[in-house]
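Working notes, beginning with the structure itself.
We're numbering straight along the sequence, starting at 1.
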Amino acid sequence: MNSIKNLFLFFIFFSVSFSIKAQVKLPALVSDNMVLQQNTKVNLWGWASPNEKINIQLGWQNSSIEVVANSTGDWKVGVDTPQGSEKAYSININASNKIVLNNILIGEVWICSGQSNMYFPVGKEEGTWKTGVKNYEEEIVNANFPNIRLFTVLTNASPKPLDDVTGRWAACSPETIKTFSAVAYFYGRDLYKKLNVPIGLISTSWGGTKAEAWTSQNVLEENPDFLTILEEDAKNEKTYQEKLESYYLNLKNEKLANNNALKTELKKPKKEANKTSYVLYNAMLHPLINYTMKGVIWYQGESNSGKAQLYQTLFPAMVKNWRDDWKQGDFPFYYVQITPHKGQTPEIREAQLLSLKTIPNSGMAVTTDVGDTNNIHPINKQTVGHRLALIALAKTYKEDKLVYSGPIYNHMKIKKDKIQLFFDHADSGFKKTNENLKEFEIAGDDKTYYPAVAKIDGKTIVVSSDKVKNPKSVRFAWKAVPEPNLFNAENLPASPFRTDLNN
């Protein structure tokens with residue numbers, strides 16, 4: 001009798017287990033309120049029972065699509081999307097269970113990533129974010145854009161690539177915008193007002209993180225230059241484990257000596273989960289690569305400023321890593337040059353400037369005029385988002401005659417005791433905010449730099465100093481906290497630079 005009962009219970013357990021296993025499951029990104037990239041083929045994907053048939057009915061198509069899960073239960077299918085509009089659609093997914101996705105928009109989708117200045121929310125938060133952005137109360141009240149959709153990836157780290165993230169799509173409103181990335185929001189808002197199509201913003205960022213944390217393990221291991229990074233990780237892990245071992249040994253000894261009571265406050269060593277290489281790529285980027293998007297905006301570099309020379313190679317390698325994985329070609333990658341701050345170096349801005357040449361289809365927003373000497377999180381995020389949007393509108397969306405960058409140094413000519421500087425993005429000429437141009441320095445063969453007199457000469461700048469009779473090089477805004485006042489006619493600031501790159 002017991003054997004029959006056990007067999008019956010097993011049958012029930014097996015049936016329930018199979019039923020649960022058979023439930024089609026979708027990733028967090030594929031859900032209500034999402035925005036799908038317009039006029040292209042986008043991916044829908046998820047998990048089911050091995051070889052299970054899944055029928056998908058798209059709200060913008062008359063016919064349905066059928067896809068079969070593979071032997072491990074994974075499935076993915078590409079579907080064509082129409083022109084973006086305010087019209088909301090639904091998607092019906094039918095298999096052993098039924099899923100209905102509602103309020104889906106078609107428009108433009110952007111990934112927004114980096115460290116704390118990308119994470120910086122519009123409103124105040126307890127703890128780190130005590131200020132909010134400039135005029136945050138007004139910005140929040142006016143953030144009523146239901147056709148802008150927001151998705152924040154919950155911070156997470158993993159030693160192995162993950163398949164999903166935690167987060168949800170939400171329509172932009174005064175309530176939802178408070179904790180969303182300010183740079184991403186102001187960027188998306190500008191695009192929405194210009195393009196008049198829905199905008200989807202996926203924010204995946206974490207404060208204090210290095211570029212190597214956002215790069216895959218394979219890419220870091222394949223380049224000899226990056227092995228020093230992994231070596232340092234290994235040393236840090238060894239040190240942490242030694243501290244942890246010592247902590248537990250002391251804990252055990254004290255409890256034994258005091259009859260399981262503690263007389264001292266032993267502090268368990270803490271491990272910063274987001275500091276190790278490739279762990280954020282695994283947890284916060286890898287799960288996104290099936291999601292079809294238009295491009296990426298990026299605000300990071302502060303945590304790599306101590307190794308700016310390496311960043312010149314690492315940053316482009318990270319971008320190539322993302323592009324290779326997304327398989328969408330050289331999609332737009334627009335980034336922010338680090339703002340002036342007492343803890344930063346001119347070399348990190350130079351590394352970002354040089355990346356314009358080494359990263360195809362890229363753009364850089366200069367922010368020398370909106371920094372804060374004592375606050376690494378300046379609150380004027382509106383300007384940052386706006387300048388990123390200018391780049392996208394000009395380069396991605398082909399808005400004619402839109403100037404999207406401030407002056408970028410191109411080359412120089414030595415003219416006796418003066419140096420003449422030539423720039424890109426200065427076709428309409430220059431502007432200055434004070435009577436005299438600041439932050440220019442000039443040097444001769446001895447490489448000793450002196451403050452220089454700089455004058456606007458048409459579409460060039462002429463630099464000289466009484467102390468340098470035979471000038472060889474110039475540098476501009478070459479310090480942690482420069483205060484330059486050179487702009488082009490469109491009020492976009494010139495990037496810091498030096499002409500002697502090999503020194």
Side-chain angles (χ1 to χ4, degrees), residues 110-119 153-165 202-237 271-291 293 295-338 347-348 351-362 364:
W110 286 82
I111 305 292
C112 315
S113 188
Q115 57 181 108
S116 55
N117 272 305
M118 180 60 80
Y119 184 90
V153 175
L154 188 68
T155 54
N156 190 22
S158 172
K160 299 293 182 182
L162 303 182
D163 293 326
D164 203 0
V165 296
I202 302 171
S203 174
T204 179
S205 53
W206 196 339
T209 57
K210 299 180 180 180
E212 53 263 39
W214 296 97
T215 306
S216 72
Q217 183 176 356
N218 289 341
V219 168
L220 294 174
E221 290 179 344
E222 288 169 0
N223 190 323
D225 292 341
F226 304 152
L227 292 179
T228 56
I229 297 173
L230 300 175
E231 182 183 7
E232 186 175 341
D233 285 342
K235 289 180 180 178
N236 292 337
E237 178 63 24
K271 185 177 183 180
E272 294 183 279
N274 62 346
K275 300 296 185 184
T276 307
S277 297
Y278 58 81
V279 295
L280 302 187
Y281 170 89
N282 288 339
M284 299 178 66
L285 194 84
H286 182 269
L288 311 182
I289 60 177
N290 279 331
Y291 205 85
M293 49 75 177
V296 171
I297 59 170
W298 173 259
Y299 196 164
Q300 188 276 339
E302 296 95 337
S303 291
N304 287 93
S305 63
K307 296 181 179 179
Q309 185 72 28
L310 184 60
Y311 197 75
Q312 292 183 26
T313 306
L314 176 62
F315 181 38
M318 185 205 80
V319 176
K320 184 178 184 302
N321 179 185
W322 291 23
R323 287 172 168 169
D324 288 347
D325 288 351
W326 244 282
K327 295 180 174 60
Q328 288 187 216
D330 288 339
F331 56 73
F333 198 103
Y334 305 140
Y335 57 94
V336 182
Q337 190 181 50
I338 298 306
E347 286 81 8
I348 191 63
Q352 293 170 317
L353 175 63
L354 296 177
S355 293
L356 282 174
K357 295 182 179 180
T358 54
I359 302 175
N361 198 17
S362 62
M364 182 182 73

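- A distance-only check finds a donor-acceptor pair linking the side chain of Ser113 to the backbone of Thr204 [under 3.5 Å].
- Between Leu280 and Leu285, the closest side-chain pair of non-hydrogen atoms is not below 4.5 Å.
- Checked for salt-bridge contact, Glu212 and Lys307 miss the test: no charged N lies under 4.0 Å from a carboxylate O.
- The aromatic rings of Phe315 and Tyr335 sit perpendicular to each other, their planes meeting at more than 60°, with 30° as the lower class boundary.
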Worksheet item: What's the verdict on side chain to side chain contact (heavy atoms under 4.5 Å, CB included) for Met284 and Val165, showing C-alpha distance, side-chain angles and the deciding distance?
Response: CA-CA 7 Å; Met284 299 178 66; Val165 296; 5.5 Å; no
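- The closest side-chain heavy-atom distance from Val153 to Leu288 is below 4.5 Å.
- Applying the side-chain hydrogen bond (donor to acceptor under 3.5 Å, both in side chains) rule to pairs touching residues 314-327 yields Ser216-Asn321, Tyr281-Asp325, Lys320-Asp324, Asn321-Asp325, sequence neighbours excluded.
- Using a 4.5 Å heavy-atom cutoff, the side chains of Ile111 and Tyr291 are not in contact.
- Inspection of the Glu221 and Tyr278 side chains reveals no N or O donor paired with an N or O acceptor under 3.5 Å.
- Panel note: side chain Glu347, backbone Ser305; no donor-acceptor pair is recorded below 3.5 Å.
- In this structure, Asp233 contributes its side chain and Ser277 its backbone to a donor-acceptor pair below 3.5 Å.
- The closest donor-acceptor contact from the side chain of Gln312 to the backbone of Leu354 lies at 3.5 Å or more, if one exists at all.
- Using a 4.5 Å cut-off on side-chain heavy atoms (C-beta onward), Phe333 and Met318 make contact.
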